[in-house]
Engineer: 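Encoded as structure tokens, here's the structure I'll be asking about.
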Amino acid sequence: MTIAECRLCGTGLTETFVDLGMSPLCESYLPAERLDSAETFYPLHVRICSRCLLVQLPAYVPGEDIFSDYAYFSSYSDSWVAHAKRYADTMTESLGLGPGSLVTEVASNDGYLLQHFVARGIPVLGVEPAANIAEVARAKGIRTETEFLGAETGATLAARYGRADLVAGNNVYAHVPDLIGFTAGLAALVKPTGLVTLEFPHLLRLIERRQYDTIYHEHYQYLSLLTAQRALATAGLAVADVEELSSHGGSLRVHARPATLPVGAPVAGTEPGRSETVGVDPTGPSLGWEPSSNVKSVLEAEAEAGLHTLDGHRGFSEAVFTIKRNLLDFLLTARAEGKRVVGYGAPGKGNTLLNHCGIRSDLLAYTVDRSPYKQGKFLPGTHIPIHQPERLAQDRPDYVLVLPWNLRTEISAQLAYVREWGGRLVYPIPELEVV
């Protein structure tokens with residue numbers, strides 16, 4: 001058996017973080033005519049690098065096979081669009097952005113974020129690998145290039161459109177198998193005086209809140225601030241500030257700037273489990289500026305939780321089993337009592353949960369989703385049908401299992417009408433809750 005290598009430092013990956021068995025690609029929704037065809041399942045065996053501590057899923061599937069035609073449209077989440085607008089307002093004011101500026105977003109999706117800058121008259125550039133989604137953004141008047149970002153792509157786009165005052169990457173840094181090449185692309189896109197912001201789910205919260213369903217093939221790595229800091233350092237980007245966000249169950253928004261001195265790539269000889277950054281320390285005095293106190297605070301919280309050592313990452317498998325056992329106990333009991341359970345949402349995370357637990361339509365009759373792209377199709381692996389949200393009011397099920405639990409506030413408001421017939425909502429994570 002060939003041992004996979006860490007995509008950040010090249011060390012052989014021999015340590016397991018959690019093994020979720022085999023699963024299909026989580027966004028590979030099936031039309032009815034493909035239900036009798038074979039599906040490809042891939043391992044969901046997450047490793048941790050014993051040297052640099054990057055938690056990662058080996059690239060069982062190339063990014064081009066996943067993201068060239070994609071089923072996730074950001075604008076179908078009202079709360080996420082509102083989150084993007086708040087970010088745009090804040091960045092415009094704090095950076096003094098205007099008609100002479102440039103904002104570039106990597107993995108810009110359907111324009112959910114850049115539309116807010118366009119509305120202010122600020123020039124934008126979207127870089128989106130999925131052709132079907134990029135076309136939707138262009139229809140909104142958002143200049144978008146269909147590209148996968150890498151060192152060469154970043155340099156080409158910067159030469160064509162100029163380097164940006166602000167480069168944004170929301171929920172993309174975990175999605176890139178070529179982490180070093182992608183980071184080099186970010187550095188190529190930003191001005192020497194510019195800012196790069198990256199939002200990604202925080203590994204600390206994933207472990208703390210048992211959010212194992214956020215593990216799927218589209219997520220190649222699961223980042224702490226420490227490992228994000230190490231990855232950014234490979235392209236001479238240093239963390240200046242960090243914000244802790246509630247989105248996606250607990251995320252970080254890292255603010256990074258080009259360092260004043262070159263920062264080295266990962267070097268050999270670092271002792272396993274050490275907490276200092278790989279290569280030249282990007283928080284050191286060579287920067288010419290000091291990172292905010294937030295950076296130290298988050299790093300200290302990670303260290304206290306054990307995430308700056310290899311041993312501190314152990315024990316997650318038992319937490320995963322507890323969630324699986326509790327959800328299956330609930331569904332089996334509901335079935336035995338003649339209760340009807342259906343789902344709400346068809347997010348990627350839901351497919352990890354359902355496939356890992358072995359849940360099929362005998363326990364979850366169907367799910368509903370607001371995205372027309374998914375309606376009329378079937379969930380990968382489980383073949384649970386996806387209907388329009390109106391189906392809930394027609395059928396009046398006893399329970400609605402909410403799969404995108406990270407949007408709990410938004411969805412609880414949307415589904416308030418379920419109580420009219422005595423229906424109840426079920427949240428599986430961080431622990432089973434029926435409300």
Side-chain angles (χ1 to χ4, degrees), residues 20-44 57 59-77 107 109-110 128-139 146 148 175 177 213-219 327-328 331 335 340-397 399-404 411:
L20 302 180
M22 304 287 287
S23 184
L25 299 183
C26 74
E27 297 282 349
S28 56
Y29 302 93
L30 301 171
E33 59 269 21
R34 284 183 50 204
L35 288 179
D36 289 337
S37 300
E39 287 181 81
T40 302
F41 282 57
Y42 303 91
L44 270 180
L57 190 66
Y60 298 112
V61 190
E64 291 79 3
D65 291 354
I66 297 175
F67 298 114
S68 295
D69 186 87
Y70 204 47
Y72 179 75
F73 291 79
S74 297
S75 291
Y76 285 109
S77 170
N109 204 265
D110 58 8
E128 170 54 51
N132 63 316
I133 296 178
E135 196 56 41
V136 173
R138 293 189 193 102
T146 305
F148 284 88
H175 287 69
D213 58 343
T214 58
I215 294 171
Y216 39 83
H217 300 101
E218 287 83 344
H219 284 171
L327 179 57
L328 283 172
L331 292 173
R335 173 65 186 271
R340 187 170 172 82
V341 186
V342 305
Y344 185 88
K349 59 168 54 72
N351 290 321
T352 292
L353 179 69
L354 297 175
N355 277 290
H356 178 248
C357 294
I359 295 167
R360 302 293 187 267
S361 56
D362 57 340
L363 296 179
L364 193 70
Y366 60 82
T367 192
V368 302
D369 197 90
R370 296 177 66 191
S371 173
Y373 188 92
K374 300 177 183 179
Q375 292 165 7
K377 295 183 179 179
F378 296 78
L379 297 182
T382 64
H383 292 189
I384 293 170
I386 308 169
H387 298 305
Q388 296 178 359
E390 292 76 14
R391 182 70 176 263
L392 295 181
Q394 296 169 11
D395 289 354
R396 299 190 166 207
Y399 299 103
V400 178
L401 176 65
V402 179
L403 296 172
I411 290 173

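Keep in mind that what you see is a predicted model, and the values were worked out from it rather than measured.
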Engineer: Using modelled atom types and a 3.5 Å cut-off, is there a donor and acceptor pairing between side-chain atoms of D369 and backbone atoms of K374?
Structural biologist: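 No, D369 side chain to K374 backbone: no donor-acceptor pair under 3.5 Å.
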Engineer: Any side-chain heavy-atom pair from I215 and L44 closer than 4.5 angstrom?
Structural biologist: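 Touching, per the 4.5 Å side-chain cut-off.
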Engineer: To check you understand the geometry: which heavy-atom pair defines the closest contact between A107 and P129, and what is its length?
Structural biologist: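 Looks like CA-CD, 4.5 Å.
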Engineer: Quick check: are there more than 12 heavy atoms from other residues, nucleotides or ligands sitting under 6.0 Å from CG of D36?
Structural biologist: no
Engineer: Would you sort out whether Q394 and R391 count as a side chain to side chain contact (heavy atoms under 4.5 Å, CB included), showing the intermediate values?
Structural biologist: CA-CA 5 Å; Q394 296 169 11; R391 182 70 176 263; 3.8 Å; yes
Engineer: If I take atom CG from residue L57 and atom CD from residue E218, how far apart are they, to the nearest 0.5 angstrom?
Structural biologist: 10.0 Å
Engineer: Run the side chain to side chain donor-acceptor pair (under 3.5 Å) check on H383 and E39 step by step: do they pass?
Structural biologist: CA-CA 11 Å; H383 292 189; E39 287 181 81; 2.6 Å; yes
Engineer: How many angstroms lie between CG in L403 and CD1 in I384, if you round to the nearest 0.5 Å?
Structural biologist: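 So the CG of L403 and the CD1 of I384 are separated by 8.0 Å.
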Engineer: When rounded to the nearest 0.5 angstrom, what is the spacing between OG1 in T40 and CG in L25?
Structural biologist: 8.0 Å
Engineer: For the CD atom of Q375 and the CZ atom of R370, what is their distance to the nearest 0.5 Å?
Structural biologist: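 Rounded to the nearest 0.5 Å, the CD-CZ separation comes to 10.5 Å.
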Engineer: Contact between Y29 and I386 at the side-chain level, heavy atoms closer than 4.5 Å - yes or no?
Structural biologist: yes
Engineer: Within the structure provided, determine whether L401 and L364 are in side-chain contact (heavy-atom separation under 4.5 Å).
Structural biologist: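 In short, these two side chains touch, coming nearer than 4.5 Å.
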Engineer: If every non-hydrogen atom of P404 is compared with every non-hydrogen atom of I411, which pair is closest and at what distance?
Structural biologist: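 Looking at all heavy atoms of both residues, the closest pair is CG-CD1, 3.3 Å.
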Engineer: Checking side-chain contact (heavy atoms from CB on, under 4.5 Å) between L354 and each of I359, L327, L363, which is the one that passes?
Structural biologist: I359
Engineer: K377 and L30: side chain to side chain contact (heavy atoms under 4.5 Å, CB included), yes or no, with the steps?
Structural biologist: CA-CA 5 Å; K377 295 183 179 179; L30 301 171; 5.8 Å; no
Engineer: For a 4.5 angstrom cut-off between non-hydrogen side-chain atoms, does Y399 reach L331?
Structural biologist: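 A side-chain contact under 4.5 Å is absent here.
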Engineer: Rounded to the nearest 0.5 Å, how far does OG1 of T367 lie from CZ of F378?
Structural biologist: 12.5 Å
Engineer: If you compare all heavy atoms of F41 against all heavy atoms of G381, which two are closest, and at what distance to 0.1 Å?
Structural biologist: CZ-CA, 3.8 Å
Engineer: For the backbone of P380 and the side chain of N355, can you confirm whether one donor and one acceptor N or O come within less than 3.5 Å of each other?
Structural biologist: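 Side chain of N355 to backbone of P380, a donor-acceptor pair under 3.5 Å: yes, one is there.
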Engineer: Hey, is the main chain of Y60 close enough, under 3.5 Å, to the side chain of H217 for a donor-acceptor pair?
Structural biologist: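 No, H217 side chain to Y60 backbone: no donor-acceptor pair under 3.5 Å.
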Engineer: Nearest 0.5 Å, what's the CD-CG distance between E390 and D395?
Structural biologist: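 E390 atom CD to D395 atom CG measures 12.0 Å (nearest 0.5 Å).
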Engineer: Does CZ belonging to R335 count more than 12 external heavy atoms closer than 6.0 Å?
Structural biologist: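 Counting other residues, nucleotides and ligands, CZ of R335 stays at 12 neighbours or fewer.
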